Engineer: 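Sharing a structure below in structure tokens format, with a few things to ask.
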There are 2 protein chains.
Amino acid sequence: MTLNHTMSNPECRRHLLPIRDALDILSGKWKLQILVSLLLGNKRFREMQREVDGITARMLSKELKELEMNRLVKRTVHDTTPVTVEYSLTDYGRSLQPVLTALENWGLEHRRRILTEALPV
Amino acid sequence: MTLNHTMSNPECRRHLLPIRDALDILSGKWKLQILVSLLLGNKRFREMQREVDGITARMLSKELKELEMNRLVKRTVHDTTPVTVEYSLTDYGRSLQPVLTALENWGLEHRRRILTEALPV
DNA sequence: GTAACCGGTTTCCTAAAGTATACCAGTATC
DNA sequence: GATACTGGTATACTTTAGGAAACCGGTTAC
């Protein structure tokens with residue numbers, strides 16, 4: 001009756017792994033907001049903390065470190081008094097934009113569907 | 001689901017909300033594998049459980065319900081003896097393919113970068 | 001009758017993710 | 001000398017995601 005495609009299929013794995021990689025990088029409650037915030041311009045630590053509503057210093061610090069490790073965000077220390085730290089997107093970080101746009105478009109369509117579906121009882 | 005964090009910038013919010021919607025739907029350890037499994041053909045419950053390596057009945061049931069609620073997956077009960085249940089992707093579920101492709105392409109590039117970066121000690 | 005399939009549910013538990021709060025050294029302002 | 005800014009840490013706590021295992025009624029096959 002049903003065709004028996006095996007998922008343990010390496011073909012399948014080959015597709016899944018990079019998708020997982022991408023999703024892992026965007027996972028968590030805050031990374032996305034941080035990236036979008038940086039897409040709108042470079043930011044300093046406290047500045048981001050004020051902008052990304054509700055995030056604690058601990059989480060912001062943790063997420064920025066992960067993003068930096070993944071080469072999406074650059075951390076620059078300026079030798080001013082007091083020392084200021086500037087966070088910016090790398091070119092690589094900016095390369096996420098098409099992915100974010102694909103997600104955004106799909107998400108918009110989804111919202112539209114869910115809303116119009118909810119109208120007729 | 002849980003997303004009440006108003007980002008100060010309304011422009012920013014407008015972009016973030018649909019992206020979050022999309023990511024929420026793909027979030028978790030199993031949804032992606034379930035979707036890819038169903039992209040390869042319709043499946044019955046036990047069949048998927050065998051195919052998606054390591055998933056428990058509890059999680060499979062839970063994730064399928066969520067995917068069904070989001071109209072990505074259709075559950076069909078066939079009046080055979082014993083009753084069989086068939087899961088399939090909706091057209092809407094299939095509409096995720098461009099998103100998955102965008103994620104996959106970016107993930108591939110990311111892998112390539114991380115690997116080539118690791119080479120020079 | 002008993003074992004093994006079907007499509008799940010229930011309960012309990014752990015590991016991870018995230019939160020709250022206090023704290024650090026340094027500088028500048030009143 | 002108290003307050004508030006800079007960029008964060010440290011510790012302790014709660015909340016959630018996911019896992020393990022037992023169980024359910026029903027059907028078929030031995």
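Every chain is numbered from 1 and lettered A, B, ... according to where its sequence line falls, protein lines coming before strand lines. These numbers were taken from a predicted model, which means no experiment stands behind them. Below, each value reflects all heavy atoms present in this structure, side chains not excepted, and no hydrogens, waters or symmetry copies.
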Engineer: Please state how far atom CZ in A:Arg58 lies from atom C1' in D:dT11, giving the value in whole angstrom units.
Structural biologist: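 Rounding to the nearest Å, CZ of A:Arg58 and C1' of D:dT11 are 9 Å apart.
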Engineer: Roughly how many Å is it from NZ in B:Lys62 to P in C:dT10, rounded to a whole number?
Structural biologist: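 These atoms are roughly 13 Å apart.
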Engineer: Salt bridge or not for B:Glu51 and B:Lys43, using N-O below 4.0 Å?
Structural biologist: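 Salt bridge: yes.
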Engineer: Using whole Å, what does the distance between atom C1' of nucleotide D:dT9 and atom CG of A:Leu64 come to?
Structural biologist: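 Result: 15 Å.
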Engineer: Just how far, in rounded Å, is P of D:dA17 from NZ of B:Lys65?
Structural biologist: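 Atom-to-atom, B:Lys65 to D:dA17, this comes out as 16 Å.
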Engineer: So, is A:Ser61 near the phosphate of D:dG7, with a side-chain N or O under 4.0 Å from OP1 or OP2?
Structural biologist: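 No, because none of the side-chain N or O atoms of A:Ser61 sits under 4.0 Å from OP1 or OP2 of D:dG7.
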Engineer: A:Thr84 side chain N/O closer than 4.0 Å to the phosphate oxygens (OP1, OP2) of D:dT6?
Structural biologist: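 For D:dT6, OP1/OP2 do not have a side-chain N/O of A:Thr84 under 4.0 Å.
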Engineer: Measure the distance from CE on A:Met59 to P on D:dT14 and round it to the nearest whole Å.
Structural biologist: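 That distance rounds to 18 Å.
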Engineer: B:Ile55 has an atom CD1; how far is it from atom P of D:dA20, in whole Å?
Structural biologist: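 Nearest whole value for this atom pair: 12 Å.
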Engineer: For a quick check under 3.5 Å, do B:Arg75 and B:Tyr87 share a side-chain donor-acceptor pair by atom type?
Structural biologist: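 Short answer, yes.
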Engineer: Rounding to a whole Å, what distance do you find between A:Lys29:NZ and C:dA20:C1'?
Structural biologist: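 Taking atom C1' of C:dA20 as the reference, NZ of A:Lys29 is at 13 Å.
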Engineer: Hey, which of these two, A:Thr81 or B:Tyr87, hits DNA chain C nearer its 5' end, going by closest nucleotide?
Structural biologist: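 Going by which nucleotide is closer to the 5' end, it is B:Tyr87.
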Engineer: Of A:Val85 and B:Arg46, whose nearest nucleotide on DNA chain D comes first from the 5' end?
Structural biologist: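 That would be A:Val85.
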Engineer: Can a salt bridge be assigned to the pair B:Arg44 and B:Glu86 using a cut-off of 4.0 Å between side-chain N and carboxylate O?
Structural biologist: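 No.
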Engineer: Side-chain N or O of A:Arg50 less than 4.0 angstrom from OP1 or OP2 on D:dT6?
Structural biologist: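 Checking A:Arg50 against D:dT6: at least one side-chain N or O falls below 4.0 Å of OP1 or OP2.
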Engineer: Under 4.0 Å, counting only non-hydrogen atoms across every strand here, what does B:Gly54 touch: a base, just sugar-phosphate, or nothing?
Structural biologist: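 Here B:Gly54 touches no strand at all.
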Engineer: For B:Arg112, is there an ion pair with B:Glu109 - N to carboxylate O distance below 4.0 angstrom?
Structural biologist: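 Yes, charged N to carboxylate O under 4.0 Å.
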Engineer: Can you tell me how far P of C:dG8 sits from NE2 of B:His78, to the nearest Å?
Structural biologist: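 Atom-to-atom, B:His78 to C:dG8, this comes out as 12 Å.
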Engineer: In plain terms, say whether A:Lys74 and A:Glu68 are close enough for a salt bridge, that is, a side-chain N and a carboxylate O under 4.0 Å apart.
Structural biologist: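 Between A:Glu68 and A:Lys74 there is no salt bridge, as every charged N stays at least 4.0 Å from the carboxylate O atoms.
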